[in-house]
Number of protein chains: 2
Amino acid sequence: MTITDAPIDAPAADGCCAPEADAGMPRDEAERLAKVGKALGDPTRVRLLSLIAAGARGEACVCDLTAPVGLSQGTVSHHMRVLAEAGLVEREQRGKWAYYSVVRGTLEQTAAVLRGL
Amino acid sequence: MTITDAPIDAPAADGCCAPEADAGMPRDEAERLAKVGKALGDPTRVRLLSLIAAGARGEACVCDLTAPVGLSQGTVSHHMRVLAEAGLVEREQRGKWAYYSVVRGTLEQTAAVLRGL
C-alpha cells in the first residue's frame with residue numbers, strides 16, 4: 001500500500017488531532033467581526049453609538065454628541081468615521097451638520113454571529 | 001422670580017437640546033462592552049475563539065490552536081490572555097497544557113447589549 005491509498009480523512013501519521021487550518025470561522029467572516037469589534041473597542045465609541053440609538057428617530061446630529069462625551073467635534077467626527085467604516089452607523093449630511101443613525105442590521109448580525117459561535 | 005424658582009427640568013437658557021452628559025449607556029457598561037470589543041477586534045482572536053467553540057466539548061488545548069492559525073505558541077498564548085481578560089474564555093491547566101473553553105454567558109450578554117442598543 002502506498003501513501004496515496006490512505007483515505008483522505010485518515011489521521012496524520014503522528015496521530016496529531018489539531019483542528020484543520022480551515023476549521024472554525026471562515027477568514028472573511030472573522031475579519032468582518034474583528035472590524036466591528038475594533039470599532040466597539042473604545043468606551044467613547046460605545047457611548048456615542050448608544051447616544052445615537054437613544055436619540056429621537058434613532059438618529060443624532062454630530063453637534064449634539066460632543067457635550068455628552070466631553071470631546072471636541074473633531075475627535076467625535078474621527079470616532080464616527082470608525083463606526084461608519086465598520087457599518088455600525090450611517091451618515092447623512094443636512095446643510096451644515098452631519099446626522100448619524102444606527103445600522104440595526106449590523107448590530108443584529110453581530111449579535112447572531114456571537115450567539116452562533 | 002429668581003433663578004432658583006425655575007423648574008428643575010426647564011430648558012437651558014440657550015435653548016440647547018443636546019443629550020445630557022449621563023444620557024446613553026452608563027459608563028461602566030460601555031467600558032465592559034469596549035473590553036469585549038477590543039478582544040474581538042483582531043481576526044486571529046476571533047478565529048481562535050471560533051476554533052475553541054467548535055472543539056469537542058466546546059474546549060481546546062492551546063497545543064491544538066497553533067497550527068490552524070499558523071502562529072507560535074507564545075503568540076497564541078498572548079491572544080488567549082486577551083480573550084480571557086475580557087471574560088470570553090476560561091483557562092484550565094491540565095498537566096503540561098492549558099485548555100480553554102468559551103464563556104457562553106459573555107457571548108450571550110454581549111449579543112443582548114448590542115440588540116438592546
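These numbers come from the heavy atoms of this one structure, side chains and all, not from hydrogens, waters or symmetry mates. Here is how names work: the chains are called A, B, and so on, in the same order as the sequence lines, proteins then strands, and each is numbered from 1.
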Shortest non-hydrogen separation from A53(A) to L117(B) and the atoms involved | CB-C, 3.6 Å
Quick one: which of A111(A), A39(A), A86(A) has the most heavy-atom pairs under 4.5 Å with chain B, could you say?
-> A111(A)
Spacing of E31(B) atom CD and R47(A) atom CZ [to the nearest 0.5 Å] = 9.5 Å
L114(A) and L40(B) have their tightest heavy-atom pair at CD2-CD1, 3.8 Å
Tell me, side chain or backbone of A112(B) under 4.5 Å from chain A's heavy atoms, or both, or neither?
-> both
Let me know if R104(B) has heavy atoms under 4.5 Å from chain A in its side chain, its backbone, both or neither.
-> side chain
Among the clusters formed by ILVMFWY side chains lying less than 4.5 Å apart, do L83(B) and L71(B) turn up in the same one?
-> yes
Measure the spacing between NZ of K35(B) and CG of D42(A) and express it to the nearest 0.5 Å.
-> 14.5 Å
When every non-hydrogen atom of M25(B) is compared with those of V46(A), the smallest separation belongs to SD-CG1, 3.5 Å
Single-linkage hydrophobic cluster I52(A)~V62(A), side-chain heavy atoms < 4.5 angstrom = yes
Hey, is CZ on R94(B) packed in by over 12 heavy atoms from elsewhere, all under 6.0 Å?
-> yes
What one should report as the nearest heavy-atom pair of P43(B) and A34(A) is N-CB, 3.4 Å
